[in-house]
There are 2 protein chains.
Amino acid sequence: MSKKVSIKDIAQTVGVSTALVSYVLNNKEKEARVGKEIAQVIRDTAVKMGYQPNQIAKSLKTGKSYTFGLIVADISNPFFGNLARNIEDEAKKFNYTVIFASSDENAKKSQNLINILTERQVDGFIIAPAENSQDQIEAILKNNIPLVLIDRYFKDLGTNCVVTNNYEASYQAVSHLIEAGKTNIGMVAYQTDLAHMLDRKQGYIDAIKDSKQLKAKIPLVKMVDFNAGQEEVEAGIREFFAQNPTIDALFFATNTLTLKGLKSLNKLNYKVPDDVAIVCFDESEAFDFFYSPLTYIEQPLLEMGKKAVQILIKNISEKKSANMQVSIASKLIIRQSSAATVKKN
Amino acid sequence: MSKKVSIKDIAQTVGVSTALVSYVLNNKEKEARVGKEIAQVIRDTAVKMGYQPNQIAKSLKTGKSYTFGLIVADISNPFFGNLARNIEDEAKKFNYTVIFASSDENAKKSQNLINILTERQVDGFIIAPAENSQDQIEAILKNNIPLVLIDRYFKDLGTNCVVTNNYEASYQAVSHLIEAGKTNIGMVAYQTDLAHMLDRKQGYIDAIKDSKQLKAKIPLVKMVDFNAGQEEVEAGIREFFAQNPTIDALFFATNTLTLKGLKSLNKLNYKVPDDVAIVCFDESEAFDFFYSPLTYIEQPLLEMGKKAVQILIKNISEKKSANMQVSIASKLIIRQSSAATVKKN
DNA sequence: ATTTTTATGTTAATCGATTAAGCATATCTT
DNA sequence: AAGATATGCTTAATCGATTAACATAAAAAT
């Protein structure tokens, strides 16, 4: 390492104290009443010597790292990748940098990541919490580290969170299927207690129950494990149809489930939308290429990312947890996969 | 912030010096000849008080941040998201943490990110360099900060890099199209001087020229701007066909180009593979759902990510740049979109 | 000619660790 | 018994900044 230039080096070259250099380079000349000429000399010398402040030293002294930790389930999932990108961009506006980490929906990993990031003195966390990570979240709060949950949240924890209107969006999506004439709508969801998933489920259930059109108002939900691979999902769907042969529409709870589900339907030779209509939560580049373009719920990832950062920054600067629960509306994008049933005679 | 527990707090509680605490908590009891009993007391107290080392302070003293910077074009692009994930996992094995940033193929942004990360004292960089960022890379090298380029590289810079065999993979892919009976194979590529793209182009060109089968050995390459949206790509492809009406196969240079290209082909009503056969570099979840599943070049993202981290760690620990150029072979996945032409009569 | 201001700088403590060097005691050697 | 060795712990400098408190010379005021 070709020894980096420090404030001390500049001070020596110019022939002043390090204090002066610090004041000037932090634009505190006014408060510190630094002479105009010497200030200019210091600035010029800093540039000439290629000075780059040591953010680590700065952080140690000021207690602010200008970094936050982003913990998602899996950064390679485009849903989180997109979210991460929006968070990154917004964070940059406030001179913040983001350390990311993937928890794989695993509470143990999650705890480990939180520890690592805490040791690194992140100024705050943005977390899409894994199941059973409630204690961890509470611990962060107790340590007074600013925190915003994103995508998921815990009902009985009054933490900051930014989510979409899971219940309403699901309700609307399912209602749309009902209006399209579907009479046996099943839902495929992840087996989890995470509130956002329960909300989506409840939205589905209530839409079914509230329906004036449906004769059989019996919700049919197929649960699949979070870490289920293609085979498990396929087996689940096969079973689902076996138990409920009259299903004529499926509502998928996430993009990953949808992708595996569609592959399963292809294999099982179900035609969309004639045999089964489809609506799904989240989007995917792939949905545009399915032979019957998918109707999906588009989440406001840009707004969610932005908002999460803004709340976090606010919390950091005001150092009291304002506890904002923000819900941003999703949008149902209607396409072919949920086309109205044509009456056959 | 409920004041964090420091080594000093532990020292006071136990009634020893901070040095002793430091030695014990860093498992240097042997070297420092710390008494067995007191060591245990220190350890217990640390746990009881919930001590978490301040990594920032540690970094300042030791000069190692156990962090590296990952700069890619766009973390929301699944290609980079996947790479990032693999890098994250491998880094974790060495107790490293990753700060990520997206350069948007923009040299100015890239320089800005490099500065920010340098100030944060990252121990090393993994970069998928943007066009015209050669100087920046050289500057990092001159500063003796360990660096590994990934995905892309610069021909005349002897830096560490981990890439796939772009030339050979393209050559093989195009040869496959030729064998499948295609006679007018066009390539759609990004307009850039980045070596990996030139390699892909050259692979295409040479495969055409070396062919024994082809009558017209004239390479046809359509260039598209890096930041081209759907419309520009569509216009480009329309033009491409207008100028070369006999094109019966297209080789796309990246996943993003492919996605836009396929949408364009759909709009222009070309059928795959009958009107145009398709092969593309990179993969995408979407490729599985195209009506004619795509033949594509699968890059070894896991190996690339791992290798990049390993080289970086090695460079960091040995503090001399070994300069390894690693190329890992891609794999051609053949599916319907490049099916052999059936002779019509 | 003092005293007060004003203008400019410097000193030194501090953030939370690490670690070489030093200082007692105790235990061996021969 | 006297020096050598081992054991156990402390001191204090250091990493690269920030910043409150203090210092001093020149200009202005009285």
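All chains are named by letter (A, B, ...) in the order of the sequence lines, taking the proteins before the strands, and each is independently numbered beginning at 1. Because only heavy atoms are used, hydrogens play no part in the values below, and waters and symmetry mates are left out as well, while side chains stay in. Since the model is a prediction, treat every value here as computed from it, not as a measurement.
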*When the distance from CG of Asn26(B) to P of dG16(C) is rounded to whole Å, what number comes out?*
17 Å
*Nearest to the side chain of Ile7(A), which nucleotide is it out of dA17(C), dT18(C), dT18(D)?*
dT18(D)
*Pick base, sugar-phosphate or nothing for Leu20(A), based on heavy-atom distances below 4.0 Å to the nucleic acid.*
base
_Salt bridge flag under 4.0 Å for residues Glu303(B) and Lys306(B)_ = no
*Gln12(B) CD to dA17(C) P: how many Å, rounded?*
13 Å
_Closer than 3.5 angstrom, by distance alone: can the side chain of Asp9(A) be matched with the main-chain N or O of Ser6(A) as a donor-acceptor pair?_
yes
_Tell me if a side-chain donor or acceptor on Asn112(B) pairs with a main-chain N or O of Lys108(B) at a distance below 3.5 Å._
no
_Base, sugar-phosphate or nothing for Ile38(B)? Non-hydrogen atoms, less than 4.0 Å._
sugar-phosphate
*Glu37(A) has an atom CD; how far is it from atom P of dA7(C), in whole Å?*
13 Å
*Given atom CD1 of Ile10(A) and atom C1' of dA17(D), what is their separation to the nearest angstrom?*
11 Å
*Would you say a side-chain N or O of Lys4(A) is under 4.0 Å from OP1 or OP2 of dG16(D)?*
no
*Would you check if the side chain of Ser76(B) reaches a backbone N or O of Gly81(A) as a donor-acceptor pair within less than 3.5 Å?*
no
*Nearest-nucleotide wise, let me know which of Val34(B) and Ser6(A) is further upstream toward the 5' end of DNA chain D.*
Val34(B)
*Give a yes/no on whether any side-chain N or O of Ser22(A) is located under 4.0 angstrom from OP1 or OP2 of dT18(D).*
yes
_Whole-Å distance separating the NZ atom of Lys58(B) from the P atom of dG16(C)_ = 15 Å
_Any N/O donor-acceptor pair, Tyr51(A) side-chain to dA17(D) base, under 3.5 Å_ = no
*Can you tell me if Asn77(B) uses its side chain to pair, donor with acceptor, with the backbone of Phe79(B) under 3.5 Å?*
yes
*If each of Ala32(B) and Gln52(A) is mapped to the nucleotide of DNA chain D with the nearest heavy atom, which maps nearer the 5' terminus, i.e. the 5' end?*
Ala32(B)
*Distance in angstrom units between Glu29(A) CD and dT6(C) C1', rounded*: 18 Å
*What's the CZ-P distance between Arg33(B) and dA21(C), to the nearest Å?*
13 Å
*How long is the line joining CG of Leu60(B) and C1' of dT14(C), in whole Å?*
12 Å
*Assign each of Lys61(B) and Tyr23(A) to its nearest nucleotide of DNA chain C by heavy atoms, then name whichever residue's nucleotide is nearer the 5' end.*
Tyr23(A)
*The side chain of Ala19(B) lies closest to which of these nucleotides: dT10(D), dT19(D), dG8(D)?*
dT10(D)
